[in-house]
A.B. asks: 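My structure is below; once you've seen it, I'll send some questions.
Here the structure is a predicted model, which is why all the values come from computation and not from measurement.
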Amino acid sequence: MKRLVLSLASFAALSTTMTTHADVCQHDIQPAEHYSEAAYFYPCQGEYPHPAVTLTGGYSNTYHKLQWMAEAMAEAGYVVLAMTPINKYGKVEQWRDAHLAGQATLVETATKEGSPLAGRIDTKHRAITGFSMGGGGTLLAGSMLGDEVSALVAFAPFLLAEQRDVSPTAPTMILAGAKDLLVTNESIAEIYQHVEESAEQRFLAVYSDGRHQQWYRPEITKNRESYIELTLAWLDYHLNERSSALQTLTEAGREAPETFERLDKKL
């Protein structure tokens with residue numbers, strides 16, 4: 001259902017606002033140099049401004065494959081800019097560039113006249129999240145932006161061997177799977193070793209039965225509740241300073257240690 005909240009200026013920009021479900025609104029924006037499609041997901045109601053997040057899927061994916069995560073973030077109180085890179089069959093650098101452009105778009109949109117997001121974005125509290133190549137792009141973009149962003153969450157991040165020497169300084173979470181045939185345990189261990197050297201606060205969770213397809217295939221929902229819980233806890237802790245989030249992160253794996261093959265954290 002379209003919401004009649006757009007000005008003539010925003011209508012002329014070919015943008016659309018609609019409700020996705022009860023508490024989340026969606027606002028499509030025009031393509032740009034580094035993303036072929038993008039949409040904001042954000043709380044329809046509530047006090048503003050809200051912290052903001054950029055989100056991408058992986059190789060061959062559109063952002064729609066990770067829309068379940070975007071909507072969960074928005075329902076929890078975040079403004080999410082979900083994007084598909086300009087070439088979804090390209091190199092990791094294109095996901096990096098999509099995130100860099102998306103972060104700039106967040107800042108621009110916060111004060112853009114006629115945008116339904118004007119005044120709703122807390123530009124001082126921003127995060128980057130992405131899956132597979134989007135996760136690799138998250139770490140590369142985060143390494144470039146440093147403390148300009150408040151948190152990173154990389155889902156099964158894919159990086160070539162020569163790209164794994166990442167150096168993010170923002171608090172960095174990595175969620176991966178021990179049974180992932182594309183993003184191997186060895187590559188995650190190598191990437192996380194570099195994260196340990198640069199990020200004072202970090203978190204690694206390797207799910208014992210985690211697989212790459214769990215993130216983007218709609219018929220496979222195993223582990224998704226946990227993915228959402230840990231992601232939101234990381235964002236809540238570092239963007240909202242919620243003590244309950246710290247408890248969730250601290251106690252991760254306590255009730256069901258068999259869920260994880262490896263848990264490593266410095267909070």
Side-chain angles (χ1 to χ4, degrees), residues 1-32 35 37-56 63-64 66-83 98-130 138 141-142 145 147-153 170-171 173 228-246 248:
M1 180 180 69
K2 294 184 179 179
R3 295 166 59 89
L4 302 178
V5 296
L6 296 182
S7 68
L8 290 177
S10 57
F11 179 77
L14 300 178
S15 59
T16 303
T17 297
M18 63 192 76
T19 54
T20 57
H21 54 75
D23 300 315
V24 176
C25 284
Q26 177 180 341
H27 171 58
D28 297 331
I29 64 174
Q30 288 185 307
Y35 47 82
E37 61 174 349
Y40 279 104
F41 296 86
Y42 58 97
C44 296
Q45 308 293 332
E47 296 182 3
Y48 287 97
H50 287 303
V53 183
T54 55
L55 172 70
T56 61
Y63 77 76
H64 303 279
L66 268 291
Q67 187 166 330
W68 57 273
M69 179 64 82
E71 292 182 355
M73 291 177 181
E75 195 170 6
Y78 294 91
V79 173
V80 183
L81 178 56
M83 303 168 293
H99 278 297
L100 293 173
Q103 289 292 318
T105 298
L106 287 175
V107 175
E108 178 185 359
T109 303
T111 57
K112 187 175 182 179
E113 185 178 353
S115 169
L117 276 302
R120 295 184 177 225
I121 300 173
D122 180 357
T123 58
K124 294 182 179 179
H125 295 91
R126 293 178 281 124
I128 308 175
T129 64
T138 293
L145 292 176
D147 296 334
E148 288 185 38
V149 290
S150 301
L152 310 175
V153 187
M173 168 179 277
I228 290 171
E229 180 184 38
L230 289 181
T231 298
L232 292 180
W234 194 249
L235 296 178
D236 285 348
Y237 182 46
H238 292 291
L239 276 67
N240 287 311
E241 299 181 355
R242 291 178 181 159
S243 57
S244 59
L246 179 59
T248 298

A.B. asks: With sequence neighbours excluded, what pairs up with S150 under the side-chain hydrogen bond (donor to acceptor under 3.5 Å, both in side chains) test?
C.D. replies: none
A.B. asks: Would you tabulate the side-chain donor-acceptor contacts of residues 239-246 under 3.5 Å, counting partners in other chains and residues two or more places apart, or write 'none'?
C.D. replies:
| from | atom 1 | to | atom 2 | distance (Å) |
| --- | --- | --- | --- | --- |
| N240 | ND2 | Y78 | OH | 2.9 |
| R242 | NH1 | D236 | OD1 | 3.1 |
| R242 | NH1 | D236 | OD2 | 3.4 |

A.B. asks: Residues two or more places apart in sequence or in another chain: which of them pass side-chain contact (heavy atoms from CB on, under 4.5 Å) with H238?
C.D. replies: A151, P171, Q201, W234
A.B. asks: Side chain to side chain contact (heavy atoms under 4.5 Å, CB included), that's the test. Do T231 and E229 meet it? Break it down for me.
C.D. replies: CA-CA 6 Å; T231 298; E229 180 184 38; over 6 Å; no
A.B. asks: Check L235 against A127 and note the closest heavy-atom contact, atom names and distance.
C.D. replies: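 Here L235 and A127 meet closest at CD2-CB, 3.6 Å.
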A.B. asks: What verdict does the side chain to side chain contact (heavy atoms under 4.5 Å, CB included) test give for K112 and L117, after you've listed the backbone C-alpha separation in whole Å, the side-chain angles of each residue and the deciding distance to 0.1 Å?
C.D. replies: CA-CA 8 Å; K112 187 175 182 179; L117 276 302; over 6 Å; no
A.B. asks: Measure the spacing between OG1 of T123 and CG of L106 and express it to the nearest 0.5 Å.
C.D. replies: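 Reported to 0.5 Å precision, the distance equals 9.0 Å.
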A.B. asks: I'd like to know whether M83 forms a side chain to side chain contact (heavy atoms under 4.5 Å, CB included) with T54, so could you lay out the CA-CA distance, the side-chain angles of the two residues, the decisive distance to 0.1 Å, and finally the verdict.
C.D. replies: CA-CA 8 Å; M83 303 168 293; T54 55; 3.8 Å; yes
A.B. asks: Any side-chain heavy atom of T129 within less than 4.5 Å of one from L152?
C.D. replies: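 No - every pair of side-chain heavy atoms lies 4.5 Å or more apart.
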A.B. asks: Atom NE2 in H99, atom OG1 in T138: separation rounded to 0.5 Å?
C.D. replies: 3.5 Å
A.B. asks: Under 3.5 Å, is there a donor-acceptor pair between the Y35 and T56 side chains?
C.D. replies: no
A.B. asks: Do V79 and V53 have side chains that get closer than 4.5 Å, going by heavy atoms?
C.D. replies: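 Side-chain contact under 4.5 Å: no.
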A.B. asks: Got I128 and Q103 here, is their nearest side-chain heavy-atom distance under 4.5 Å?
C.D. replies: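 Contact flag for I128/Q103 side chains = yes.
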A.B. asks: With a 4.5 Å cut-off on side-chain heavy atoms, are R120 and P49 touching?
C.D. replies: no
A.B. asks: Taking the side chain as every heavy atom from C-beta outward, state whether E37 and Y63 have any pair of such atoms under 4.5 Å apart.
C.D. replies: yes
A.B. asks: Got a second to check how far C44's SG is from E75's CD, nearest 0.5 Å?
C.D. replies: 10.0 Å
A.B. asks: Is there a side-chain contact between I121 and Y40 (heavy atoms, below 4.5 Å)?
C.D. replies: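 Of all side-chain heavy-atom pairs linking Y40 with I121, at least one is under 4.5 Å.
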A.B. asks: Ignoring hydrogens, what is the shortest heavy-atom contact between A74 and V24? Give both atom names and the distance.
C.D. replies: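 Smallest heavy-atom distance, with atoms named: CB-CG1, 3.8 Å.
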A.B. asks: Side chains of H50 and P43: does their closest heavy-atom pair fall under 4.5 Å?
C.D. replies: yes
A.B. asks: Is there a side-chain contact between S115 and T109 (heavy atoms, below 4.5 Å)?
C.D. replies: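 Contact flag for S115/T109 side chains = yes.
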A.B. asks: Do T248 and Y237 have a side chain donor and acceptor closer than 3.5 Å?
C.D. replies: no
A.B. asks: Under 3.5 Å, is there a donor-acceptor pair between the side chain of R126 and the main chain of D122?
C.D. replies: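 Looks like no, no N/O pair under 3.5 Å.
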A.B. asks: Calculate, to the nearest 0.5 Å, the distance between atoms CD and CZ belonging to E71 and F41 respectively.
C.D. replies: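 Here the interatomic distance stands at 5.5 Å.
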